[in-house]
Protein chains: 2
Amino acid sequence: MIENDIFRALADPTRRAIFEKLAAGSMNASALRDGMKISQPAMSQHLAVLRGARLVREERQGRFVNYEVDPEGLAFIAQWLARYRAYWPARIDALKVLLKDMDQ
Amino acid sequence: MIENDIFRALADPTRRAIFEKLAAGSMNASALRDGMKISQPAMSQHLAVLRGARLVREERQGRFVNYEVDPEGLAFIAQWLARYRAYWPARIDALKVLLKDMDQ
DNA sequence: ACAATACATAAGCACACACTTATGTGTACA
DNA sequence: TGTACACATAAGTGTGTGCTTATGTATTGT
């Protein structure tokens, strides 16, 4: 079940940090590592989990593997969240702006 | 850290089921239990986690404790998601509708 | 062909998590 | 005052998770 994979993937702070880093710009696994105190296998395992949740996708480039945000996972969260729109407080201005953007 | 609490709370499928049930209408802990194969202490513990994540809030009513969705947690997820709006695929119509609702 | 590099996978381990049973706390009502 | 009820908390247990070290696989460059 993808819903479970997504929330479980995001439950780990290190994985959220990796995702956030990728959101600022796609890069390979080694580039993701620097600045983070994390071993190479640990990074590889985290990326595998994020991939399984469709939050991230890979693209082989020679012996490098470039990672980028996969909109699929984000779309799923958005849909999940939309189910509870009845409870959103009116003061979420960030989202108002966001939606206006999408409406163009 | 509330962000961590929220995602960890939602990582469990049973807790998401409880939250979904509450989203359909607030009710007390016992009412939440029926239909679900879950012990009373387990339910109480799950509710405590959801409370800690501000996804749910309680309101004592005599010897009953009424639970309801807390918009605070949802707002946080919305804000988190909004940070990645650059990656949202255009085809999320559900959110477009949602935002239009919030706009008027 | 060989060494170096980038990444994935395997196996083992400490800890967190979701459950259980047992018990505690507080309210309602006879 | 005592009993029943609604819920919370404590303590123990099996399983999952995230890490480690070791090794495997694939590509690059000499």
Side-chain angles (χ1 to χ4, degrees), chain A residues 1-22 25-70 73 77, chain B residues 1-22 24-70 73:
Chain A
M1 198 222 254
I2 187 78
E3 180 176 297
N4 206 55
D5 293 333
I6 290 182
F7 284 115
R8 285 197 332 107
L10 292 174
D12 183 74
T14 304
R15 263 181 321 252
R16 286 199 306 277
I18 293 171
F19 181 78
E20 198 159 343
K21 209 166 178 181
L22 278 179
S26 50
M27 61 184 92
N28 60 54
S30 294
L32 273 169
R33 277 189 66 203
D34 37 67
M36 304 190 72
K37 274 180 188 162
I38 187 174
S39 70
Q40 180 270 318
M43 174 60 78
S44 188
Q45 287 160 13
H46 281 309
L47 287 170
V49 173
L50 288 168
R51 243 186 294 130
R54 309 212 56 172
L55 284 164
V56 146
R57 62 188 174 197
E58 66 173 38
E59 185 187 354
R60 264 238 163 236
Q61 281 174 356
R63 59 182 165 169
F64 295 85
V65 177
N66 204 275
Y67 280 95
E68 61 181 359
V69 169
D70 186 346
I77 302 176
Chain B
M1 196 222 255
I2 186 79
E3 181 176 296
N4 206 54
D5 292 334
I6 289 182
F7 284 117
R8 283 197 332 106
L10 292 173
D12 183 74
T14 304
R15 266 183 315 254
R16 286 200 306 277
I18 294 171
F19 180 79
E20 197 158 345
K21 211 167 177 182
L22 278 179
S26 51
M27 62 184 93
N28 60 53
S30 296
L32 273 170
R33 277 188 66 203
D34 38 67
M36 304 190 74
K37 275 178 187 163
I38 188 173
S39 70
Q40 180 270 315
M43 173 61 78
S44 188
Q45 286 160 12
H46 280 309
L47 287 169
V49 173
L50 288 168
R51 243 186 294 132
R54 310 212 54 173
L55 283 163
V56 145
R57 62 187 173 198
E58 66 174 37
E59 186 188 353
R60 265 236 163 239
Q61 279 174 358
R63 58 182 166 169
F64 295 86
V65 178
N66 206 273
Y67 280 95
E68 62 182 357
V69 169
D70 187 346

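In what follows, every chain begins at residue 1, and chains take the letters A, B, ... in the order their sequences are listed. Worth knowing before you read on, the calculation uses all heavy atoms, side chains too, and leaves out hydrogens, waters and symmetry mates. Everything numeric here is computed off the predicted structure, so don't read it as measured data.
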Nearest whole angstrom, please: distance from the [atom2] of [N] to the [atom1] of [X].
X	N	atom1	atom2	result
A:Arg16	D:dG18	CZ	C1'	14 Å
B:Gln45	C:dT20	CD	P	9 Å
B:Glu59	D:dC7	CD	P	13 Å
A:Arg15	D:dT17	CZ	P	9 Å
A:Arg63	D:dG29	CZ	P	6 Å
A:Asp12	D:dG16	CG	P	18 Å
A:His46	C:dA8	NE2	P	13 Å
A:Met43	D:dT21	CE	C1'	18 Å

If you measure from [atom1] on [X] to [atom2] on [Y], what distance do you get to the nearest 0.5 Å?
X	Y	atom1	atom2	answer
A:Ile18	A:Leu55	CD1	CG	11.5 Å
B:Phe19	B:Arg15	CZ	CZ	13.0 Å
A:Arg54	A:Ile77	CZ	CD1	13.0 Å

Checklist outcome for this item: Ranking C:dA18, C:dT20, D:dT21 by distance to the side chain of A:Pro41, first place goes to D:dT21
Checklist entry - Could a donor-acceptor pair under 3.5 angstrom be found where the side chain of A:Gln40 meets the base of C:dA8? => result yes
Next on the checklist: When you measure only distances, ignoring hydrogens and angles, does the side chain of B:Gln61 come within 3.5 Å of the base of C:dT27 through a donor and an acceptor?
Outcome noted: no
Item to check | Side-chain donor/acceptor of A:Arg16 to backbone N/O of A:Leu10, under 3.5 Å | outcome: yes
Checklist entry - Do side-chain atoms of A:Asp70 reach the backbone of A:Gly73 as a donor and acceptor pair under 3.5 angstrom? => result no
Item to check | Candidates B:Glu59, B:Arg57, B:Arg51 - the one meeting side chain to side chain donor-acceptor pair (under 3.5 Å) with B:Tyr67 | outcome: B:Arg51
Checklist entry - Considering only heavy atoms, which members of residues 29-38 of chain B lie under 4.0 Å from some atom of DNA chain D? => result B:Ala29, B:Ser30
Item to check | Under 4.0 angstrom between A:Ser39 side-chain N/O and D:dT20 OP1 or OP2 | outcome: yes
Next on the checklist: Between B:Tyr67 and D:dA6, is there a contact of a side-chain N or O with OP1 or OP2 at under 4.0 Å?
Outcome noted: no
Item to check | Contact list for DNA chain C against residues 47-56 of chain A - heavy-atom distance below 4.0 Å | outcome: A:Arg51
Checklist entry - So which one's nearest nucleotide on DNA chain C is more toward 5', A:Asn66 or B:Ala42? => result A:Asn66
What I'd like to find out is whether the side chain of [X] reaches to under 4.5 Å of the side chain of [Y], using heavy atoms alone.
X	Y	value
A:Val49	A:Asp12	no
A:Ile38	A:Arg33	yes
A:Leu22	A:Glu68	no

Item to check | Nearest atoms (heavy-atom pairs only) where B:Ala11 meets A:Asn4 | outcome: O-OD1, 3.6 Å
Item to check | Nearest-nucleotide 5' precedence on DNA chain D, B:Phe64 against A:Arg60 | outcome: B:Phe64
